[in-house]
Structure formats: structure tokens, C-alpha cells
Number of protein chains: 2
Amino acid sequence: MASSLPAPLPHDDPAPPRWQQRKAAATRKLILDAATDCLVEGGYARLTTVEVLKQANVSRGAMHHHFTSRADLVSALIHHVLHKRLERFLSDYLSALKDTDPAHAIAVATDVHWQSMKTPEFTAFLELVMAARTDPELSALLVPATREFERTWISEVERAIPHWSGASDQMLLANDVAAALHLGLLINRPFIEDPARREAVRDTLVALVKDLFAQSKG
Amino acid sequence: MASSLPAPLPHDDPAPPRWQQRKAAATRKLILDAATDCLVEGGYARLTTVEVLKQANVSRGAMHHHFTSRADLVSALIHHVLHKRLERFLSDYLSALKDTDPAHAIAVATDVHWQSMKTPEFTAFLELVMAARTDPELSALLVPATREFERTWISEVERAIPHWSGASDQMLLANDVAAALHLGLLINRPFIEDPARREAVRDTLVALVKDLFAQSKG
DNA sequence: GATAAAACAGGCATTGGTGCCGGTTTTTCA
DNA sequence: TGAAAAACCGGCACCAATGCCTGTTTTATC
């Protein structure tokens with residue numbers, strides 16, 4: 001059967017220097033994306049090696065070749081998920097801010113932040129976070145990686161919104177409040193039947209962040 | 001070996017009408033408390049029948065007698081955890097409000113709310129909530145039970161703080177915001193190294209709730 | 001074109017969780 | 001007092017997940 005990925009082409013391609021490495025990287029990414037899907041669909045409990053290799057359509061041997069143990073897979077998955085999360089958020093964030101009236105910038109940015117918590121990456125990340133509470137080894141990997149992610153996050157947001165310059169305390173506070181409130185709202189969602197109640201919470205947050213911004217300028 | 005719980009005493013106790021029922025209820029509670037501990041210490045993944053019966057020091061047969069299947073145990077555990085959560089919160093809430101200057105009532109109430117999220121009951125509840133996301137059968141039990149819990153919660157808080165009377169929308173919003181923000185803060189805790197940052201978030205919430213309260217009166 | 005190494009294929013033993021069963025002790029009630 | 005029922009005991013069979021292992025194919029290197 002023909003591989004759907006890079007074809008060998010031994011006679012036509014003059015200089016594909018490292019074909020094995022590219023193939024291996026592709027398989028690796030395939031497995032990690034499949035693992036992310038497993039996390040989203042079945043939670044950390046159903047993140048099993050068998051389930052992942054079924055989802056990725058690879059053999060047991062391929063799995064074992066790239067990730068010797070389950071812990072190995074999870075370790076790589078942490079960085080994979082955080083990388084995708086940062087990449088997608090910054091992309092959405094910057095493109096949303098690009099063509100937006102500065103007067104509505106805060107409302108738009110807050111909404112993008114909320115939307116970013118409904119992505120597969122974040123769902124997978126949250127599963128890892130919850131599992132890490134009772135798994136010291138996972139925690140030892142996840143906590144430093146996430147802190148590094150947060151630092152990059154903050155510095156990128158600072159670059160994106162120069163208006164906050166000189167008031168990084170206020171901006172950090174606004175970020176922390178938004179992150180906590182959105183996360184809690186996401187989890188409590190099934191228990192708040194009325195959508196108006198959820199919107200009221202988000203509106204309150206926008207007003208609060210606007211207030212913090214005004215304080216930082218006055 | 002002597003039972004550490006209710007002793008038979010066939011000749012001395014004139015009227016213990018249903019001794020079996022009391023014994024059964026005690027064993028049941030013992031198992032459910034042990035299950036709560038398992039959730040706290042090992043998360044939903046390690047909530048296994050074997051682990052629970054070890055923790056409770058009961059036999060396999062006793063376990064099977066009271067809870068035929070694991071699903072049976074989880075179903076009872078939901079109500080057990082919600083009951084304990086409501087009981088403890090109301091107790092702490094009312095006793096804290098009793099001897100408090102009304103001017104600081106909101107700050108105190110908010111703090112009690114935050115403290116209530118660090119209890120074993122809430123930790124266990126959160127594990128159930130996260131597991132329910134990818135477990136439809138668990139979700140079908142947990143969601144209605146939690147909504148009922150929320151209704152009781154709200155009505156009890158309304159009774160406890162008559163000042164909000166006539167502004168139940170504002171009170172509900174304040175409650176929703178506090179619940180979401182505290183929950184998110186609890187989960188994000190390991191990633192916020194500086195305690196001052198966490199306190200700043202909580203101070204912001206207190207100021208916000210005070211503001212909502214002022215709005216409801218002006 | 002021969003050799004080494006990377007990438008992959010598939011199976012097997014162990015472990016741990018679940019469900020269920022036949023037997024035993026204790027309590028209740030006629 | 002004696003029989004029925006409730007409460008409890010401990011083990012076994014099944015299944016799913018993990019880790020490891022021995023082959024096989026494909027690519028790189030000399």
C-alpha cells in the first residue's frame with residue numbers, strides 16, 4: 001500500500017538529505033496528536049498505549065520505538081500540548097487585535113481568551129493538570145513546563161498590548177483573574193443551566209479588566 | 001475480636017429496635033468515607049473497589065453486599081460528598097458570620113467560601129466533575145445532583161444574608177463569580193509561584209463582590 | 001552491493017481491577 | 001427455640017493495560 005506521507009522517490013529527488021528523520025518526526029507528531037485526541041475524548045484514564053496506537057493507526061512496535069514507556073509518551077505530550085496551545089492562542093489573539101477598534105480591544109482580547117479554553121489543546125492540558133495533582137512524577141514535569149509557558153505567554157501579551165506598558169502588575173493581575181475565572185466557569189458550565197448567568201459572569205470580568213486598565217492609566 | 005462499633009449487648013439494652021440497620025448504615029458510611037479518601041489521595045483513577053475496601057478495612061463480601069458494582073458505589077458517593085460539602089460549608093459559614101462586624105461580612109463570607117474549596121469533600125467532588133466530562137453515565141447522575149445542591153446552597157445563603165434581599169440577581173451573580181474564580185484559582189495554584197499574586201486575585205474578588213453589593217443597595 | 005542501523009511489525013507474560021459466587025456468622029421474629 | 005433473612009467472608013475467572021521481546025522491512029554509509 002502507498003504511504004500517504006512523504007514518498008521515497010529514489011530517482012527523482014536530488015537532495016532529500018535526512019529522509020528517515022522526517023519520517024520519524026511525522027510519525028511522532030501523528031502519535032502525539034492521537035494522544036491529544038484520546039485525552040479529549042476519554043480523559044487521562046483512557047490515555048492508554050493501545051488506545052493511542054489505534055487512534056494513530058500505527059503498530060505496537062512503532063509506538064514502542066518512539067516512546068519506550070507510557071511515561072515517555074506523557075512527557076512528550078506535555079510539551080506538545082503546551083506548544084500547540086501557545087501557538088494557536090497567539091495566532092488568534094494577534095489576528096483578532098489587528099482589525100479591532102482599540103476601544104473594544106479589552107472585550108475582544110477577553111473573548112479570545114475565553115475561546116482559547118474551549119480548544120482541544122486546553123482540554124487535554126486540563127486533563128494533565130488534574131492528573132498531576134495525585135501523580136508526583138507527572139507534576140514534576142508539568143509544573144515547570146507550565147511555568148515556562150506562562151512566562152512566554154505574559155511576555156508575548158505584553159508585546160501585543162503596549163498600552164499596558166509600565167503597569168505590568170495590573171496586567172499580570174488582569175491575566176490571573178481572567179485565567180482563574182474562565183477556567184472555573186468552564187468547569188462549572190454543566191451546572192449553570194441558564195446561559196444568561198454564564199454571560200453575566202463573563203460581562204463582569206470584562207468590566208473588571210477595563211477597570212484595572214483605567215486604574216493603570218489614571 | 002471485639003467490634004469497635006455498636007456492641008450487641010443483648011441483655012442490657014432494652015429497646016434498640018433495629019440494630020442491623022444501624023450496623024449496616026455505619027458500614028456504609030465507613031465505606032463511603034474511605035472512598036472519599038481514595039478520591040482525594042489518588043484521584044478518580046485510583047478509586048478502585050480493592051483500594052476502597054483496604055482503606056475501609058472491610059472484606060470483599062461486605063463491599064459487595066452494600067455496593068454490588070463500582071457504579072453503585074460511585075452513585076452513592078456523589079450524594080455523600082455533596083451532603084458533606086453542604087453540611088460543612090453552612091456550618092462554617094453561619095458560625096463565621098455570627099460574630100463578625102457586618103462591615104466585614106462580605107470579606108469573611110468570601111474567605112469562608114475559599115476555605116471550603118480546600119476541603120476533602122470538594123477535592124473529591126472536583127475529581128468526580130472532571131471524570132464526568134468523559135463519562136456520560138457519571139454525568140447523568142452528577143449534573144442533576146449538583147444542580148439540586150446549588151439550589152439548596154443559594155437558598156441557604158439567601159437566608160443567611162438577608163441584606164441581599166430583593167437583589168437576588170446580584171447575589172446570584174456574586175456567587176457565580178466567586179465560585180468560578182475560586183475554582184480556577186485552586187486549579188492554577190501550582191503554576192502561580194508567588195503567593196502575593198494569588199492573594200491579589202482574591203482581594204480583587206472581594207472588592208468586586210462589595211461593589212456588586214453596593215450596586216444592589218444604591 | 002554489503003553491512004549497519006533506524007523504523008517498524010506483532011506477540012506474550014505479568015499485573016491489577018471487576019464481577020460474581022458458595023459458604024459462614026449474626027440478628028430478627030414467630 | 002428454630003428457621004429465615006440480613007450482614008459478612010474470601011476466593012476465582014475474566015479482561016484490559018503495560019512492558020518487553022524477537023523478527024522484518026526500509027534507509028543510510030562505505
Side-chain angles (χ1 to χ4, degrees), chain A residues 1-11 13-31 34-35 38 42-75 131 135 137, chain B residues 1-31 35 38 42-75 131 135 137:
Chain A
M1 47 184 156
S3 170
S4 59
L5 278 185
L9 290 181
H11 58 288
D13 211 337
R18 316 242 180 315
W19 195 79
Q20 275 188 341
Q21 293 186 10
R22 284 170 49 189
K23 175 81 181 297
T27 306
R28 214 181 139 85
K29 184 182 183 317
L30 191 70
I31 293 175
C38 284
Y44 191 76
R46 266 173 238 157
L47 181 69
T48 71
T49 54
V50 180
E51 208 62 37
V52 171
L53 64 88
K54 274 183 189 170
Q55 182 88 17
N57 270 324
V58 300
S59 70
R60 240 174 228 287
M63 184 68 150
H64 183 73
H65 178 70
H66 289 282
F67 305 100
T68 308
S69 72
R70 184 179 177 277
D72 226 25
L73 172 67
V74 171
S75 171
D135 188 335
E137 296 172 17
Chain B
M1 47 185 158
S3 171
S4 60
L5 278 184
L9 290 181
H11 58 287
D12 202 14
D13 211 336
R18 315 248 179 308
W19 194 79
Q20 274 189 342
Q21 293 186 11
R22 284 171 50 192
K23 175 80 179 298
T27 305
R28 214 181 139 84
K29 183 182 184 316
L30 190 70
I31 293 175
C38 284
Y44 191 77
R46 267 174 237 159
L47 181 69
T48 72
T49 55
V50 179
E51 207 61 37
V52 171
L53 64 88
K54 274 183 190 170
Q55 181 88 18
N57 270 324
V58 300
S59 69
R60 227 173 175 72
M63 183 70 151
H64 182 73
H65 178 71
H66 289 282
F67 305 101
T68 307
S69 72
R70 184 179 176 276
D72 227 26
L73 172 67
V74 172
S75 170
D135 188 335
E137 295 172 17

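Being a predicted model, the structure only gives us computed values, none of them experimental. Each chain gets a letter, A, B and so on, in the order its sequence line appears, and its residues count up from 1.
- Here B:Ser59 does not reach the OP1 or OP2 of D:dC8: none of its side-chain N or O atoms lies under 4.0 Å away.
- In this structure, of C:dT18, C:dC8, D:dG19, it is C:dT18 that holds the atom nearest to the side chain of B:Arg70.
- If you measure from atom CE of B:Met63 to atom C1' of C:dG17, you get 12 Å, rounded to the nearest angstrom.
- In this structure, of D:dC8, C:dT18, C:dC8, it is C:dT18 that holds the atom nearest to the side chain of B:Thr48.
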Protein and nucleotides 11-14 of chain D: nitrogen or oxygen contacts under 3.5 angstrom:
unit_1: D:dG11; atom_1: O6; unit_2: B:Arg60; atom_2: NE; d: 3.0

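- Between A:Lys54 atom NZ and C:dG10 atom P the separation is 14 Å, expressed in whole Å.
- Distance, A:Phe67 CZ to C:dA7 C1': 14 Å, rounded to whole Å.
- The side chain of A:Thr49 places no N or O atom within less than 4.0 Å of a non-bridging phosphate oxygen (OP1 or OP2) of D:dA17.
- Counting to the nearest Å, the P atom of D:dA7 and the CG atom of B:Leu30 are 15 Å from each other.
- Here the CG-OG1 distance, from B:Leu53 to B:Thr48, works out to 7.5 Å after rounding to the nearest 0.5 Å.
- B:Val52 and B:Leu73 make their closest contact through CG2-CD2, 4.3 Å (heavy atoms, listed as atom of the first residue, atom of the second, distance).
- For A:Arg46 and A:Thr68, each mapped to the nucleotide of DNA chain D holding its nearest heavy atom, the one lying further toward the 5' end belongs to A:Arg46.
- The distance between atom CG of A:Leu73 and atom P of D:dA17, rounded to the nearest whole Å, is 15 Å.
- A straight line from CD1 of A:Ile31 to P of C:dA7 spans 12 Å, rounded to a whole angstrom.
- Between the P atom of D:dC8 and the CG atom of B:Asn57 lies a distance of 14 Å, rounded to the nearest Å.
- When all heavy atoms of A:Ala34 and A:Gln55 are compared, the closest pair comes out as CB-CG, 3.7 Å.
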Would you give me the side-chain donor-acceptor pairs under 3.5 Å for residues 63-70 of chain B, sequence neighbours excluded?
unit_1: B:His64; atom_1: ND1; unit_2: B:Thr68; atom_2: O; d: 3.4
unit_1: B:Ser69; atom_1: OG; unit_2: B:Ala71; atom_2: N; d: 3.4
unit_1: B:Ser69; atom_1: OG; unit_2: B:Asp72; atom_2: N; d: 3.3
unit_1: B:Arg70; atom_1: NE; unit_2: B:Leu47; atom_2: O; d: 3.1
unit_1: B:Arg70; atom_1: NH2; unit_2: B:Leu47; atom_2: O; d: 3.4

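- Proximity note for B:His65 (side chain, C-beta onward) versus C:dT18, D:dC8, D:dT18: the nearest is D:dC8.
- Phosphate contact (OP1/OP2 of D:dT18, side-chain N/O of A:Ser69, threshold under 4.0 Å): absent.
- Atom NE2 of A:His66 and atom P of C:dA6 are 12 Å apart (whole Å).
- Minimum atom distance to the side chain of A:His64 is reached by D:dC20, of the listed D:dC9, C:dG19, D:dC20.
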